[in-house]
Every structure is written in structure tokens, then in C-alpha cells.
Protein chains: 2
Amino acid sequence: MIDAWITQHRKGLLEYCVLTVLSRGESYGYEIVAALGRIAEFAVSESTVYPILARLRQEKFLKVRDEPSGQGPMRRYFSLTAIGKVRLAEMNHHLKKIELAISQLKSTPRKDPDNEHTH
Amino acid sequence: MIDAWITQHRKGLLEYCVLTVLSRGESYGYEIVAALGRIAEFAVSESTVYPILARLRQEKFLKVRDEPSGQGPMRRYFSLTAIGKVRLAEMNHHLKKIELAISQLKSTPRKDPDNEHTH
DNA sequence: TTGGCTACTCCGCGTTACAGAGTAGCATCG
DNA sequence: CGATGCTACTCTGTAACGCGGAGTAGCCAA
């Protein structure tokens, strides 16, 4: 199943996605679940998102602000902290490097070219 | 540690890398370890690569050909099978979709734009 | 009462990466 | 002779994550 691979490939990615969503402004769990759900590749359930949020918060990448919602329990708005932004930047940087590394991988002849004479 | 995240993000990726390396022609374990090692982002040890190779082979994505190396034990050349190529294509496709999805995520205003009138 | 909004939690499974070390064989260089 | 490099593995154990499924709970509107 390619699905199994996709699940594996998601590891870490969702964390990145949450941070990315939050980089455009604060949001709350329910909304984040919905936002990700709108993109098929990132559809997730609450039991995936809330732990991520909790983790991120515990690592001080997110801060929290409660606000009455008018309907139901308080909305808990999450937003990036300073180090959260740094983290996201690091991730973006890493992803760029990975992209580059992959294209390198694709274009590497066979071994390193120190014994090629193909001109 | 961003390193921890990087490790997580690698899940699945290494499998993809191995397949990609092999898409340029057959190779053997030792060489693959070296090839990946040349790219800092994908540096791995044998205890990571060999299990991947074994897994991939067991799933019929790779086939094997032994050849005396002249020095040491036989070289075990791995190469993509037909379904291995299909799998790699699927992965590539998925990765493209992910890339797209991420850029969507980045450019999504705040919620879905079904209440925007920007034309 | 049902259903949507809101926030969680707990249990448990499956998979992967990876470090570290070990086993083993052969060839070559010093 | 011994070290080093090439070659192929294996085993053990750890940590983290995604995720399904279900449960708890509170509140409002139709």
C-alpha cells in the first residue's frame, strides 16, 4: 500500500503544516482541523491535531489565548511565539535543502563523476 | 532539537531516496550507503540502508543480481522491478501533490475563501 | 433531541529511523 | 603479519509519530 508509505512520509510534516497554518495568524484547534481537512493530502482527525498542538505548545512554539466563542466552550487560539517562528523558518530551510538534495540525487550520473570521461 | 524533527521527517523519505538512486541504474548496498552519504541530508549508516533494501525487495520493488567483486564478498546489485518503477512514480506524484498542498497552505488567506469577493 | 461548534483525552497499533556492535570473507599495501 | 577497505548482512533496543476509534463535556440553535 502506498498509503502506508504516505502515512510514514507525513511524520513531521503535519507538525510543519500546523505551524504553517498558524504563521498566517492565530487559529484554534477545531478550525485547524477544518483547514487541514480542506486539503485532501493533509486531512486529519482531532486525535492527530490536538496532540500536535499540545506538543508544540509545550515546546514553547505556540502560545495560547482563550476567548469565549458564543457557542460552546472557549476557543483556544494558538499563535506562534518568537521561537516558534524561528522553528518554522528552520523547517522551511531544511525542506529547501531536502528538495535540493533530492534533485541532486536524481541528477547524479551513477557514482560520483570523478571517474567519468563522458566529457 | 530540530534534529528530532528532521529524523521524523525522514520517515519514508529514505525509502524514496533509495528507489531514486536505483532509478538511475543498479547499485549495491555499500555503494548506496556511500552515495547517500555524499549528500549530507541523507547520510545514513548501513543499519538503516540494509533494512530498507530488504524491505523493498520483499515487497518486490527491487530485484537482485549477484556478481563477484574481485575483492571481498559478492556484490549484490539491486535494481528496480516493474512495480518498483510504478511505486517510485507514485511517490513522485505524491510528493508533487504535497508540494502543491503546502503552497496552498501558505497562500490560504485565513479560512476558505467562500466568503471572499476579491473577484 | 439532534446536530454543529469547541476542546480535549486515552488506548493501542504499526512503522520507521537509527545507534552501536557484531560476524564474516577477501585483497592489497606496508 | 596486520591494518585497512570493500562487501553484505544481522540483532537489539529506543523513540517518535500518525491515526483510528471512542469517550467526555459544555453550549446553542433549529
Side-chain angles (χ1 to χ4, degrees), chain A residues 1-19 26-37 40-59 62 64-78 91 98 111, chain B residues 1-19 26-37 41-59 62 64-78 91 94 98 111:
Chain A
M1 302 297 100
I2 185 93
D3 292 14
W5 179 73
I6 290 177
T7 294
Q8 287 309 132
H9 179 253
R10 271 189 181 193
K11 311 235 160 170
L13 240 179
L14 290 179
E15 206 171 303
Y16 170 75
C17 288
V18 169
L19 252 15
E26 59 177 13
S27 185
Y28 49 98
Y30 192 81
E31 223 283 315
I32 294 173
V33 171
L36 293 177
E41 282 73 28
F42 297 142
V44 277
S45 70
E46 307 189 343
S47 62
T48 300
V49 168
Y50 281 113
I52 291 175
L53 252 8
R55 212 190 306 152
L56 254 19
R57 187 188 178 191
Q58 194 182 331
E59 297 183 89
L62 301 183
V64 146
R65 177 175 73 83
D66 286 337
E67 190 175 287
S69 68
Q71 67 245 57
M74 299 266 235
R75 277 186 186 162
R76 170 154 288 179
Y77 280 98
F78 293 87
M91 284 177 170
I98 288 292
K111 337 221 150 180
Chain B
M1 301 293 102
I2 186 91
D3 292 12
W5 179 74
I6 291 177
T7 294
Q8 286 309 132
H9 179 252
R10 269 189 182 192
K11 310 238 158 170
L13 242 178
L14 290 178
E15 207 171 303
Y16 170 74
C17 288
V18 168
L19 251 16
E26 57 177 15
S27 185
Y28 49 98
Y30 192 82
E31 224 283 314
I32 294 173
V33 172
L36 293 178
E41 282 74 26
F42 297 142
V44 278
S45 70
E46 306 190 345
S47 62
T48 299
V49 168
Y50 280 114
I52 291 176
L53 253 9
R55 212 189 305 151
L56 254 18
R57 188 189 178 191
Q58 193 181 332
E59 298 184 87
L62 300 184
V64 145
R65 179 176 72 82
D66 288 336
E67 191 176 286
S69 68
Q71 67 244 60
M74 299 265 234
R75 277 184 186 165
R76 171 153 286 179
Y77 280 98
F78 293 87
M91 285 176 169
H94 178 74
I98 289 292
K111 335 221 151 179

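Letters go in sequence order (proteins before strands), and every chain restarts at 1.
Spacing between atom CD1 of B/Ile32 and atom C1' of D/dA8 amounts to 12 Å, rounded to whole angstrom units. Distance OH (B/Tyr77) to P (D/dC9): 13 Å, rounded to an integer number of Å. Atom CG of A/Leu53 is separated from atom P of D/dG18 by 12 Å (rounded to the nearest Å). Summarising the geometry, the separation between CG on B/Leu36 and P on C/dC18 is reported as 11 Å, rounded to the nearest angstrom. In this structure, A/Asp3 places its CG atom 14 Å from C1' of C/dT15, rounding to the nearest Å.
Annotation: of the two residues near DNA chain C, A/Arg76 and A/Ala4, the 5′-most nearest-nucleotide partner is A/Arg76. Each of A/Lys11 and A/Glu46 has a nearest nucleotide on DNA chain C; the 5'-most of these lies closest to A/Glu46. Both A/Gly12 and A/Ser47 lie close to DNA chain D; mapped to their nearest nucleotides by heavy-atom distance, the more 5′-ward contact belongs to A/Gly12.
In this structure, A/Tyr16 and A/Leu19 have side chains that are not in contact, with every pair of non-hydrogen atoms separated by 4.5 Å or more. Under the 4.5 Å side-chain criterion, counting only non-hydrogen atoms from C-beta, B/Arg10 is not in contact with B/Thr7.
Remark: A/Arg55 is not in phosphate contact with D/dA16, judged by side-chain N or O atoms under 4.0 Å from OP1 or OP2. A sub-4.0 Å separation between OP1 or OP2 of D/dT7 and a side-chain N or O of B/Tyr28 is present. When the side-chain nitrogen and oxygen atoms of A/Tyr30 are compared with OP1 and OP2 of C/dA7, none of them lie within a distance under 4.0 Å. Taking side-chain N and O atoms only, B/Arg75 has a distance below 4.0 Å to OP1 or OP2 of D/dT7. Side-chain nitrogen and oxygen atoms of A/Tyr50 include at least one within less than 4.0 Å of the OP1 or OP2 phosphate oxygen of C/dA7. OP1 or OP2 of C/dA19 has at least one side-chain nitrogen or oxygen of B/Ser45 nearer than 4.0 Å.
Here A/Glu15 lies in heavy-atom contact (under 4.0 Å) with sugar-phosphate atoms only.
Between A/Tyr28 and A/Tyr77, the angle of the ring planes goes over 60°, which puts this pair in the perpendicular group of the 30/60° scheme. Between A/His9 and B/His94, the two ring planes are perpendicular [angle over 60°; tilted spans 30° to 60°].
Of the charged side-chain nitrogens involved, none lies within less than 4.0 Å of a carboxylate oxygen, so that B/Arg75 and B/Glu31 do not count as a salt-bridged pair.
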